[in-house]
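Chain letters run A, B, ... following the sequence lines, proteins first and then strands; every chain starts at 1.
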Amino acid sequence: MNPDAPGAQSASSVSYGLTIETHGLTKRFGRQVAVDGVDLAVPPGSVFGFLGPNGSGKTTTIRMLLGLASASAGTVNLLGMEMPGRFHEVLPRVGALVEGPAFYPFLSGVANLHRLDAATRHTVPATRRARVDRALDQVGLAHAANKRVHAYSLGMKQRLGIANALLSHRDLLVLDEPTNGLDPQGTREVRHLVRSLAQNGTTVFVSSHLLAEVDQMCTHAAIMSAGKLAAQGSLAELRRAGSARARLLTPDAAQARKVLAGLGLNCETGDVQPGGETLLAALAPAAGASSARIDGSPTARSGEILAEDIVAQLVAAGVRVRGFAVERESLEDRFVALTGEGFDVAQ
Amino acid sequence: MQSELKVLFGRRRTWALLLALAAIPILIAVAVRLSSGVPSGRGPAFLDRITQNGLFVAFTAMLVSVPLFLPLTVGVVAGDTIAGEASMGTLRYLLVAPAGRVRLLLVKYAAALAFCVVAPLTVALAGAAIGAALFPVGPVTLLSGDVIQPPEAAVRMLLIAAYMAVSLAGLSAIGLFLSTLTVVPVGAMAATVVISVVSQIADQLPQLEWLHPWLFSHYWLGFGDMLRQPVLWDSFGSNALLQAGYIAVFGALAYARFTTKDVLS
Amino acid sequence: MGSEATGTDSTFQPHGKRRGGRNWPRWLPALAVPAVIAAAALAGTLPANAGDPLPQKTPAEVLALAAAHHAQAFSGTIEQSSDLGLPALPSTGASSDPASAGGAASVVEFLSGQHTARVYLDGATKARIQVVDRLAERDIVRRESDVWFYSSKDNSAAHLTLPAHAADLPLAAPQTQGEDPAAPTQSGSPSESMIPTPEDLARHLLEKVDASTAVTVGADVDVAGRSAYNLLLEPRSDATLVGQVAIAVDGETGMPLAVQVTARGAGTPAFRLGFTALSLEAPDDALFTFSPPPGSTVKELQVPGPGQETYGGHTPGAHQLGDPAGDGKGSEHPSVLGQGWETILRLPAAAAGAPDANSFLADPLLAQAAVVVPGGRLVSTALLNVLITDDGRVYAGMVPPDRLQAAASTAP
C-alpha cells in the first residue's frame, strides 16, 4: 500500500462527515482472512468506485457495511452511525444491490417490489404504489412490470434490483456490480442514472471489477487486492499517484544512460528507431521500487525528478535529445500494478 | 405480515400441498364408496362409519394424515421459512430493507403457524364436503356412544382442526430453527419431516417410555378426545403446554442462530 | 426489532476487539429456556405438599374417616399405572369388547402400562365410567336399573336390566344405603372388570386390615389437588410380595383418592390407581342417559345371579389385582389356600368360567412371560405370581413362587 496515497491521508485527517467510514474492518472465515483491516473513507456526494478483481473481498466488505455479515474486527459507520448497531436508522436511508439481484421468481416484478418495500416498517404504505411505479420507470422496466420475474432476462433482473434500491429516497446507494449482465445500452443507462442520482446529493458506492466502468462514472475510487485496501482517493489523486516515466529518443544511448544513472534513475532499453535508441526511465520510484530514490539530491523533489532538469542535464552532457516525453501511468496500469493481477482473474 | 401471507398463499407450491391434503379425504371417500363395505373394526378407526355418515370421512382423513401427510406439508413450509429466502437470495434484500432479523423470524413463524391452521382445516373441510356429497349426513356417534347433531359435529371438527394446529406448532418451531441452519431449503424440509417420523417411532418404543411425554408427537392422536362426551380437555392442555415448550426452546435456538448468522447467500 | 438494535448498541466494541464475542448473549435464551423447562419439570415431580397441613389423626381415626365416607356425587379422572415387569402391550391393541370380555390380552392390558378412566357418579343409582383408550372408549352407563355397556371400537352396545333387589349391584363405587355394607361389592362387577375405582380397591384392601398388617399414617399427600391422609399398610408377613400399600384418604371427606402398592424391597410403586382430577359437584344428568347409537349392534345380557360370575367373569385383571384373595364366593371350582397376605387362589384344571391355563398360554405375550419351573410354568410379576401346573391347575397369589410350588405339590 502506498503510504503517500492521498486517499489514505484524507481518511486519517477527516473523520467526520464521511458517508461510509470503516476502521480496521476484518472478516475471517475460519483461518482464511477474506477482508483484512480495511479503512474505507467515502465522502458524501461522491460516486465511489470500489474496484478489485473477483474474490478480492469487495462483496464481503459490502455485506459487513450493510450488517448482513458481522465483522471479525473493526468498525463500520454508515451515514455517521454505527453499523450494525443502528441498522434500523441507517438502512432505510440506504438502497442496496448486493451480489446480483434476487427475487421471488413466482411473483411479478411489481409484486416483488411491493413485498420488499412492505418488509420494513419504515416505509409509507400509502405511497408504495407510486414509488414502485416511479422506480420501475427510472430503470425502464415499466413495460414488464407485471411479468413474473421467472420470465425476466438477467439484465431485466438487474434493472429490477436497481429499482428496488431506488424505492425510497436514499442518502446512500450501495450497488454491487450494477452493470453485470446489462447490454451496452443498459450499461450506459445505469451510468447515466448513477450520475443523475449523485447530482441530487445521493452518495453512490459502486463496486466493480471493471476499471473502465469506474473510470467513466466515479469521482472517487478504492482498490481492493487480496482482502486489503491497496489505494483510495479521488480519481485525480489516484491518477497522479501513478508513477511517471520519461521516454527518451537519442543516438547517444550510452552517454544518456550514464547521465540518467547519475540522476539515480534506472533505465531500460526500448526499441531501436531510425533516430536512435529509445530509453525508458521511471521518473519517480514506483511503489515498492527500491533503487530510484536519492534523498537529498537537489534534483529530487517530493520523490520525482522534474523533466526539465533531466533534459538540461542530458543536454549539458552532450547527449543529443531527439525526442523526450513524460508518460504517466494510466489508471489501468495502476490497477494492475496495485492488484498484481490481470482483470477477471480470480484468486 | 400481510405480505408474508400473500407470498405463502400466493405460491403454487402451497396450493399443491393443500390440494394434496384435500385429496386424502377424497381418496378415502371414493374408495369406500366404490368398495362393497368395510367390515366393522377393520382399517383405521371410523372407517367403518363412513357409509352411515359422511362426516366420518373428515375424521378418518384426519387420522390418516396425522402421522405423515400433515407433518410433511408443515415440514415443507416450516423448513422453507428462512432457508427458502436464503436460497433465493431474497433474504439479504429483506434484511437490508431493513426487515429486522427478529421481526422477520416472528413473521416467518407466524406464517408457518397460519399454514398449520389451514392445513388440518383443509382436510376437515374437504372431508366433510366429499362425505356430504357421497354419503348420507346425519347425527354423529361420539366415542362415548352419545349422539350429536351435525351442527355440533361441525364444532367438534373445528376443535379437532384446532387441536392439530396446536399439535403442529412445535414441529413448525423445529422447522424454523432447522431452516436457519442452512441455505438448502430441501435439507431443512427433509430434516423436519424426518424428525417428526423419528419422534413418532420413538413414541412407539416401550424402551423409551420415560421419553414419551416429552416427544412433540406424543399427543398427536389425542385429537380423538375431542370426540368424547363430554370433551376430554386434558390432552388438549397437555399438548398445548408441550408444544409451547417446543416453541420456546426452538424459538430461542432459532433466535440465537439467526441473529448471529452471517447472511452470505 | 428495536430491542434487538439497542441490545447491540450496549455491547458494541468500537475498536478492534474480537467482535465474534459480542454475539454470545443471543444464545442465552436458548440455554435459559431448556433450563427453565427442566426446573419446572423437576418441580412438578417433587411431592407437592398440601397447603394447609391436615389435623393429626391416628390410623384408627383415618380408617374411621374412610369408613364413614359416603360419596353422593362426583366426577373425576382416574389413572391407573402398573409396572409389574410384564412385556408392555400397545394400548390400542387391547381387546376392547365389553360385552364379550376379552381373553388373556385384557388381563395383560391391566397388568401393564397406563390407563385412564373418567368416572361420574350421582347418588346410588346413576353412574358412568368411561375407559379412555386412544381413539376409542368403553363406557358403562347406569341409570336406575338400566345398565348399558358400549364400546366404540366395534360400535357395540350391551344392555342389562337389574332386578329391583339388586339395585346396588353393579358399579360398585358407592357403599350403598346400608343394605349390606359389609359385603364386598361384587367382584367381577362391570366397573371392576373395566377399571376399578380407588374406592373399590381401598375397600378390598382395608378389609384385610387385621393383626397381620401394620397400619400407620404417613405424611400428608396431595392427590388431584386435595390434601389427603396417607394410610400405610405393611404386611407383617414376609411371605408376600407386597411391601407396602399406601391409601390416600381425602382429609375432608374421607374418600379414598389413591392406592399405591409397592413390592417388597422396591423403591417405586408397582401399581398405582388414583384420581388425577376430582370434582365433588354433581355431573350433568344427561351423562347418565344412554341409548344405543344408530348402527350399533345391541346385545341383551342376562342378569347375573348372585355369586355367579357372568359378565366380565373371565376378565380377571381386576380380580387378581383388587382382590387377590379371590373371595371365590359361591363359585364351584376356585378355592382359596392360606389367609391374609399369603392367600393363594387355586383354579382347578378347566374350571368353568375361569381362564383355563391353555387360553392363558395361548396368548403370545403371556407365553413369552412364562418361564418353565419345576412342576409347571410360572408367570412372575412384581406383585403377583401365577403358576400353571403341567396338568392345567392354576395357582395365583401375591406370594413368592416357591409358596405356589409348595401349594401345588401338596394340593389334592
The interface call for Ser296(C) against chain B, heavy-atom contacts under 4.5 Å, is neither
The interface call for Pro292(C) against chain B, heavy-atom contacts under 4.5 Å, is neither
Comparing Ala256(B), Gly224(B), Gly245(B), Ala248(B) against chain C, the one with the most heavy-atom pairs below 4.5 Å turns out to be Ala256(B)
Note: vs chain C, highest number of non-hydrogen pairs under 4.5 angstrom among Thr260(B), Asp146(B), Thr141(B) is Thr260(B)
Taking side chain as everything from C-beta outward and backbone as N, CA, C, O, which of these in [X] sits under 4.5 Å from a heavy atom of chain C? Side chain, backbone, both or neither.
X: Arg49(B); value: side chain
X: Leu142(B); value: backbone
X: Val147(B); value: side chain
X: Pro230(B); value: both

[X] side-chain N/O to [Y] backbone N/O, donor-acceptor pair under 3.5 Å:
X: Gln243(B); Y: Ser167(B); value: yes
X: Lys153(C); Y: Glu137(C); value: no
X: Asp262(B); Y: Leu264(B); value: no
X: Arg33(B); Y: Ala29(B); value: no

Ordered numerically, the heavy-atom neighbours of chain B under 4.5 Å found in residues 276-290 of chain C are Leu287(C), Thr289(C), Phe290(C)
Q) According to the interplanar angle, ranging from 0 to 90°, do the rings of Tyr246(B) and Phe250(B) count as parallel (below 30°), tilted (30 to 60°) or perpendicular (above 60°)? A) parallel
If you tally heavy-atom pairs under 4.5 Å between each of Asn155(C), Ile37(C), Val36(C) and chain B, the highest tally belongs to Asn155(C)
Chain B shares the most heavy-atom pairs under 4.5 Å, among Leu28(C), Thr297(C), Leu31(C), Val132(C), with Val132(C)
Less than 4.5 Å apart, any side-chain heavy atom of Gln200(B) and any of Trp220(B)? yes
Only one of Met226(B), Gln229(B), Arg228(B) passes side chain to side chain contact (heavy atoms under 4.5 Å, CB included) with Leu143(B), and that residue is Arg228(B)
Flag for His159(C)-Glu300(C): side-chain donor and acceptor within less than 3.5 Å: yes
Intermediate values then yes/no, side-chain hydrogen bond (donor to acceptor under 3.5 Å, both in side chains), Gln80(C) and Ser82(C):
CA-CA 7 Å; Gln80(C) 180 225 307; Ser82(C) 314; 2.9 Å; yes
Could you check whether Phe275(C) and Phe74(C) have their ring centres less than 6.0 Å apart? yes
Salt bridge (charged side-chain N to carboxylate O under 4.0 Å, His left out) between Lys108(B) and Glu85(B), worked out | CA-CA 10 Å; Lys108(B) 281 289 178 186; Glu85(B) 298 280 355; 2.8 Å; yes
